[in-house]
Amino acid sequence: MKLPRTTLILILLTLGLGAFVYFYEIRGATVQEEIKEQKQQIFSFAEDDVQSLTVTTKKLNLNLERNPESSNPKWLLKSPISGPANDAIVSYLMDLLVKGNSERTLSTPAQELGEFALDKPQATININLKNRQSHQLILGKSNFNGRFLYAQTDPATKPDGNINVLLVSTDFANAVNRELSEWKQPVDNSQKLPPLIIPKPTPTNSK
């Protein structure tokens with residue numbers, strides 16, 4: 001039985017619509033979910049959970065502790081000098097640690113750490129929580145296009161002998177590679193300036 005031309009066109013349109021729905025809605029949603037699963041939060045603690053930080057770079061070894069007093073600054077420098085810390089700088093780093101995501105995780109043999117500069121990292125961040133748990137973030141070199149950094153969290157070798165290498169934001173490098181002066185609380189120069197003295201006009205004798 002030969003189908004009418006109009007009916008045949010309708011059947012083809014229906015099949016085409018079904019294929020569109022599958023590839024762009026169902027299959028597309030699956031791909032998006034896979035991509036979403038690759039993007040994972042680096043750490044699961046909250047900012048208020050952190051008690052202290054140690055930041056080690058090639059130029060500096062810095063210790064920071066939360067101020068026990070509920071006043072500004074929120075953070076104190078403990079070494080290499082003691083004093084109030086720059087809350088804005090510390091908060092920038094804390095925001096990355098708490099909210100930062102890993103774009104991708106690579107499983108690689110432990111002996112290949114040098115390929116990512118993780119054997120001689122540009123920076124190591126040790127995080128101590130109030131519940132006495134600790135975490136570590138190791139920052140290696142940039143990836144091939146400079147968009148991300150290779151990193152390790154809480155380094156451990158898996159049963160298969162591999163390690164997990166993460167791709168994280170280059171903002172981490174900007175956050176930790178600073179001079180000591182940047183970590184210190186800025187000096188309010190307005191409080192050090194002497195009061196402005198306006199000289200009184202000298203009276204003139206009128207003749």
Side-chain angles (χ1 to χ4, degrees), residues 39-68 72-106 108-157 163-187:
K39 271 192 174 187
Q40 294 184 347
Q41 195 167 345
I42 299 172
F43 296 111
S44 59
F45 54 78
E47 181 177 350
D48 290 340
D49 296 334
V50 180
Q51 178 61 37
S52 64
L53 292 170
T54 300
V55 179
T56 303
T57 65
K58 293 180 179 179
K59 296 194 302 182
L60 193 63
N61 188 21
L62 191 82
N63 291 305
L64 295 153
E65 283 189 11
R66 187 178 292 277
N67 191 347
N72 289 327
K74 288 169 58 178
W75 291 92
L76 301 173
L77 277 167
K78 305 304 289 185
S79 68
I81 61 171
S82 297
N86 188 328
D87 277 343
I89 297 297
V90 182
S91 294
Y92 177 57
L93 173 58
M94 284 297 307
D95 194 59
L96 290 170
L97 292 171
V98 172
K99 300 178 183 178
N101 290 322
S102 167
E103 295 293 324
R104 189 180 173 194
T105 301
L106 310 172
T108 186
Q111 61 268 26
E112 294 183 6
L113 276 177
E115 297 293 324
F116 309 98
L118 290 167
D119 57 337
K120 297 178 181 178
Q122 62 169 300
T124 301
I125 307 167
N126 290 296
I127 307 129
N128 296 309
L129 306 183
K130 293 177 181 177
N131 63 5
R132 298 184 182 275
Q133 291 184 0
S134 61
H135 295 279
Q136 188 179 63
L137 178 64
I138 301 174
L139 301 175
K141 67 179 182 180
S142 301
N143 70 331
F144 70 97
N145 59 13
R147 292 182 58 199
F148 302 105
L149 295 177
Y150 294 115
Q152 263 189 300
T153 58
D154 301 334
T157 303
I163 57 170
N164 283 336
V165 176
L166 284 60
L167 286 174
V168 302
S169 171
T170 54
D171 289 342
F172 278 101
N174 299 329
V176 296
N177 290 315
R178 298 179 180 274
E179 300 294 333
L180 178 59
S181 58
E182 296 181 78
W183 291 100
K184 297 190 296 184
Q185 185 183 55
V187 177

Residue pairs fulfilling ring-ring contact (aromatic ring centres under 6.0 Å, His included) with at least one residue in residues 74-95, sequence neighbours excluded: none
Going through the distances and angles, do L93 and V176 end up as a side chain to side chain contact (heavy atoms under 4.5 Å, CB included)? CA-CA 7 Å; L93 173 58; V176 296; 3.9 Å; yes
Below 3.5 Å, can you tabulate the donor-acceptor pairs from side chains in residues 140-152 to any protein atom, sequence neighbours excluded?
{"unit_1": "K141", "atom_1": "NZ", "unit_2": "E115", "atom_2": "O", "d": "3.1"}
{"unit_1": "N143", "atom_1": "OD1", "unit_2": "G146", "atom_2": "N", "d": "3.2"}
{"unit_1": "N143", "atom_1": "OD1", "unit_2": "R147", "atom_2": "N", "d": "3.1"}
{"unit_1": "N143", "atom_1": "OD1", "unit_2": "F148", "atom_2": "N", "d": "3.1"}
{"unit_1": "N143", "atom_1": "ND2", "unit_2": "N145", "atom_2": "OD1", "d": "2.9"}
{"unit_1": "N145", "atom_1": "OD1", "unit_2": "R147", "atom_2": "N", "d": "3.1"}

Does the side chain to side chain contact (heavy atoms under 4.5 Å, CB included) test come out yes or no for D154 and L137, once each step is laid out? CA-CA 7 Å; D154 301 334; L137 178 64; over 6 Å; no
In a table with atom names and distances, give each donor-acceptor pair under 3.5 Å that connects a side chain of residues 42-49 to protein atoms at least two apart or in another chain.
{"unit_1": "E47", "atom_1": "OE2", "unit_2": "K74", "atom_2": "NZ", "d": "3.4"}
{"unit_1": "D49", "atom_1": "OD2", "unit_2": "A46", "atom_2": "N", "d": "2.9"}

Qualifying residues under side chain to side chain contact (heavy atoms under 4.5 Å, CB included), relative to K99, sequence neighbours excluded: D95
Mind checking what makes side chain to side chain contact (heavy atoms under 4.5 Å, CB included) contact with N101, not counting sequence neighbours? Q41
Quick one: does R66's side chain have a donor or acceptor within less than 3.5 Å of a partner on V50's backbone? yes
Do any N or O atoms from the side chain of R132 and from the backbone of L129 form a donor-acceptor pair under 3.5 angstrom? no
Counting distance only, does the side-chain N/O of S79 pair as donor-acceptor with the main-chain N or O of I81 below 3.5 Å? no
Distance, nearest 0.5 Å, that separates CG of D119 from CG of L113: 6.5 Å
All heavy atoms of P73 vs all of A85, minimum pair found to be CB-O, 3.7 Å
Spatial distance of atom CG (L77) from atom CD (Q185) [nearest 0.5 Å]: 10.0 Å
Identify the two heavy atoms, one from L96 and one from D171, that lie closest to each other, and give their separation to 0.1 Å. CD1-O, 3.6 Å
Write down the atom of P68, the atom of L76, and the distance for their closest heavy-atom approach. CD-CD1, 4.1 Å
From I127, T124, N63, L62, residue fulfilling side-chain contact (heavy atoms from CB on, under 4.5 Å) relative to T54: N63
Worked check of side chain to side chain contact (heavy atoms under 4.5 Å, CB included) between E179 and K59: CA-CA 8 Å; E179 300 294 333; K59 296 194 302 182; 2.7 Å; yes
Taking side chain to side chain contact (heavy atoms under 4.5 Å, CB included) as the test, write out the residues that go with Q111, two or more places apart. P109
Please report the shortest heavy-atom distance between T57 and A123, naming the atom on each side. CG2-CB, 4.0 Å
